[in-house]
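Here is the structure we will look at, set down as structure tokens.
Model, not experiment: these values are computed from the prediction.
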Amino acid sequence: MSPRKPNMESSIYFGADGWWHGRVTMGVKSDGGPDRRHRRARTEGEIKRKVRELERQRDQGRATAAGRKPTVAAWMETYLTDIASLKLKPRSLDDYWSKTRNDIIPGVGKHRIDKLQPEHLERMYRAMLDAGHAPSHVVKVHRILSRALKIAHRRRIVGENVATLVDPPSIDETEANPFTKEEAKAFLEAAARRPTFMRWIVGVGMGFRQGETLGLRWSYVDLEAELFRPEWQLQRLTWRHGCDDPHTCGQRLHRFESCPPDCTTHKVYKRGCPKPCAKTCTKHASACPERKDGGLTFTRPKTKKSRNAVPIPPVFIPFLLDHKVRQEATRETAGELWQEHDVVFSRPDGRPLDPRVDYEEFKELLKEAGIDDRRLYDGSRHTAGTILNELGVDMPTIMEILRHTQISQTRRYVKGRSHLSKDAMRRMGEFFVPPPSPPSAPIPGPTETRSETADTRAERARRRRRIR
């Protein structure tokens, strides 16, 4: 009878099936039972190599957890539901869910998470680019998947994060296109003819984000100290089901077939016909009788630095006081229809301005002012940062006004002007090569004379005779 092997020692044997088998004790499972892994190979040398590899992973603490590994689709659902939802802001979480449903699950969702290979991700990214997605969109998908796999690796569900072995597409950073001083004045002159004039004064003149401007409340406006405190922002969030069976709740809205080419039902949709529903569709939460956590909602800014107080330019104070008086008159006119939200910029019934309507108004003002089309961010934060720089404000101060956490981020917001660069290089050239100074007195030119000089022909003859 052979002696008993010590605890945690592996065993190797040749089976009746013609294969070499190896069994390695890795520890215990979640239920307390022994976690004993099995490997097999055709040769004794190969099975020894596999056993040594398992033992090395066990000793280094890199062995994957016991149990069958989930698919990428199942793990992404677990990650977004139980892990990411505890940290991400609601708007960011909605974006993660959108890219997971539309890109990650159709691309690699059926692969088991421990069998996922770099080639699978590269083919998915290539297909996304061929389908017309921007490289920045693909990079965003890559970062979401990489983060989910990082958590899986940290919890020993997988042995390696394969997303770190893949290079996502390179992207060209969108160049800022802020207003010039003349364009900013023309834009505000066009906005002065509208009731929302003060909204654009704050957006363009102080560099507030759209959500921060529309979510600004009078409770956080200190007119005596001349300070804005952007403690809240207004965002449109995706509705969520409040019922127990989301699939049945949206039964009447499910569409499992694609629209015909001449579809008239969705002709007013800016993005075209919506995609068909999946067989297990749980969307259509906006029609749920018990819907929750959606619509226009006040949320906290993303970072603590974004909530820092911003000084109000003193010349803006009279405009704000006048705006407040007119809003009080609107409240009295609305009467019982007024819905109190304490917002600085409101609709005639007191509700906050709709971000979509606000964006469309920005585009209309561009046309009225004769300005080329550009992003809303270019006409607000980028413009404020660039003009502050042109006025001679240093970068750390601009960073404080725009409430950035890093000065490198501020530098991306500030765009240099060609006329300023030209003037700077002119001054540089004058430093190295000063311009010639004008002469103090005119230099006399050659004069003509009729008298012979001392160097006459006779004098030259006498010098030659002396030399001889």
Decide salt bridge (charged side-chain N to carboxylate O under 4.0 Å, His left out) for Arg126 and Glu119; before the verdict, give the C-alpha distance in whole Å, the side-chain angles of both, and the deciding distance to 0.1 Å. CA-CA 10 Å; Arg126 181 72 264 168; Glu119 298 79 24; over 6 Å; no

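- When the ring-ring contact (aromatic ring centres under 6.0 Å, His included) test is applied to Tyr96, no partner is found at least two apart in sequence or on another chain.
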Evaluate the side chain to side chain contact (heavy atoms under 4.5 Å, CB included) criterion for residues Leu365 and Glu368: first the C-alpha distance (whole Å), next the side-chain angles of each, then the deciding distance (0.1 Å), finally the verdict. CA-CA 5 Å; Leu365 289 173; Glu368 293 179 12; 3.9 Å; yes

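- If you run side-chain hydrogen bond (donor to acceptor under 3.5 Å, both in side chains) between Thr299 and each of Gln235, Arg91, Lys89, only Gln235 comes through.
- Taking the ring centroids of His323 and Phe345, they lie under the 6.0 Å cut-off.
- Proximity of the aromatic rings of His241 and His284 is defined here by a centroid distance below 6.0 angstrom, and this criterion is not met.
- Checked against side chain to side chain donor-acceptor pair (under 3.5 Å), Asp293 has no partners two or more places apart in sequence or in another chain.
- Of the listed residues (Ile105, Ile144, Leu145), just one forms a side chain to side chain contact (heavy atoms under 4.5 Å, CB included) with Lys99, and that residue is Ile144.
- Not counting sequence neighbours, the partners of Asp373 by the side chain to side chain donor-acceptor pair (under 3.5 Å) test are Lys363.
- Dense packing is recorded around CG of Asp245, with more than 12 heavy atoms of other residues, nucleotides or ligands lying under 6.0 Å away.
- Each of Cys263, Pro260, Ser258, Pro261 was checked for a side chain to side chain contact (heavy atoms under 4.5 Å, CB included) with Cys273, and the lone residue meeting it is Cys263.
- With respect to the salt-bridge test (charged N to carboxylate O, under 4.0 angstrom), the residues Arg199 and Glu361 do not qualify.
- We find that Arg356 and Asp354 are not joined by a salt bridge, their nearest charged nitrogen and carboxylate oxygen being 4.0 Å or further apart.
- The side chain to side chain donor-acceptor pair (under 3.5 Å) test applied to Tyr377 returns Arg209, not counting sequence neighbours.
- Legend: residues meeting side chain to side chain donor-acceptor pair (under 3.5 Å) with Arg143, ordered by chain and number and at least two apart, are absent.
- Under a 3.5 Å cut-off, the side chain of His266 and the backbone N or O of Gly272 do not form any donor-acceptor pair.
- Stacking of Arg403 on the aromatic ring of Phe208 is recorded, both the 6.0 Å distance cut-off and the 45° axial limit being met.
- A donor-acceptor pair under 3.5 Å is absent between the side-chain atoms of Thr397 and the main chain of Val393, judged by distance alone.
- Glu340 pairs by the salt bridge (Lys or Arg N to Asp or Glu O under 4.0 Å) definition with Arg331, not counting sequence neighbours.
- To the nearest 0.5 Å, atoms OH (Tyr220) and CD (Glu231) are separated by 6.0 Å.
- Aromatic ring orientation, Phe187 versus Phe362: tilted (interplanar angle from 30° to 60°).
- Atom CD of Glu257 has 12 or fewer neighbouring heavy atoms from other residues, nucleotides or ligands inside a 6.0 Å radius.
- To the nearest 0.5 Å, the span separating CG on Asp342 from CH2 on Trp218 amounts to 9.0 Å.
- Atom CD1 of Ile407 sits about 8.5 Å away from atom CD1 of Ile398, to the nearest 0.5 Å.
- Formation of a donor-acceptor pair under 3.5 Å by the Asn102 side chain with backbone atoms of Ser98 is found in this model.
- Using a 4.0 Å cut-off between charged side-chain N and carboxylate O, Arg240 and Asp94 make a salt bridge.
- Arg381 pairs by the salt bridge (Lys or Arg N to Asp or Glu O under 4.0 Å) definition with nothing, not counting sequence neighbours.
- Atom NZ of Lys185 sits in a sparse spot, with 12 or fewer heavy atoms from other residues, nucleotides or ligands closer than 6.0 Å.
- Here Thr164 pairs with Asn161 under the side-chain contact (heavy atoms from CB on, under 4.5 Å) rule; sequence neighbours left out.
- Side-chain N or O atoms of Arg374 include one that pairs as donor or acceptor with a backbone N or O of Pro178 at under 3.5 Å.
- The side-chain heavy atoms of Asn389 and Asp394, taken from C-beta on, include no pair separated by under 4.5 Å.
- Under the salt bridge (Lys or Arg N to Asp or Glu O under 4.0 Å) criterion, Arg347 pairs with no residue at all, not counting sequence neighbours.
- A salt bridge does not link Glu364 with Lys367: every distance from a Lys NZ or Arg NE/NH1/NH2 to an Asp or Glu carboxylate oxygen is 4.0 Å or more.
- The backbone N or O of Cys281 lies less than 3.5 Å from a partner atom in the side chain of His247, making a donor-acceptor pair.
- No side-chain heavy atom of Phe316 sits less than 4.5 Å from a side-chain heavy atom of Val202.
- A side chain to side chain contact (heavy atoms under 4.5 Å, CB included) with Lys305 is found for exactly one of His404, Gln406, Glu400, namely Glu400.
- A 4.5 Å side-chain heavy-atom check between Phe179 and Leu366 finds at least one atom pair inside the cut-off.
- Ion pairing between Arg307 and Glu212 fails under the 4.0 Å rule for side-chain N and carboxylate O.
- Atom-to-atom distance recorded for Met124:CE and Asp103:CG is 7.5 Å, nearest 0.5 angstrom.
- Taken to the nearest 0.5 Å, the OG1 atom of Thr405 stands 9.5 Å off from the NZ atom of Lys302.
- Here Glu226 pairs with nothing under the salt bridge (Lys or Arg N to Asp or Glu O under 4.0 Å) rule; sequence neighbours left out.
- For the side-chain contact (heavy atoms from CB on, under 4.5 Å) test, residues two or more places apart in sequence or in another chain that qualify with Pro90 are Leu237.
- Classification of the Phe298-His341 ring pair by plane angle, with boundaries at 30° and 60°, yields tilted.
- The ring-ring contact (aromatic ring centres under 6.0 Å, His included) test applied to His120 returns His111, not counting sequence neighbours.
- The distance from atom NE2 of His137 to atom NE2 of His142, rounded to the nearest 0.5 Å, is 14.0 Å.
- In this structure, Glu360 contributes its side chain and Pro355 its backbone to no donor-acceptor pair below 3.5 Å.
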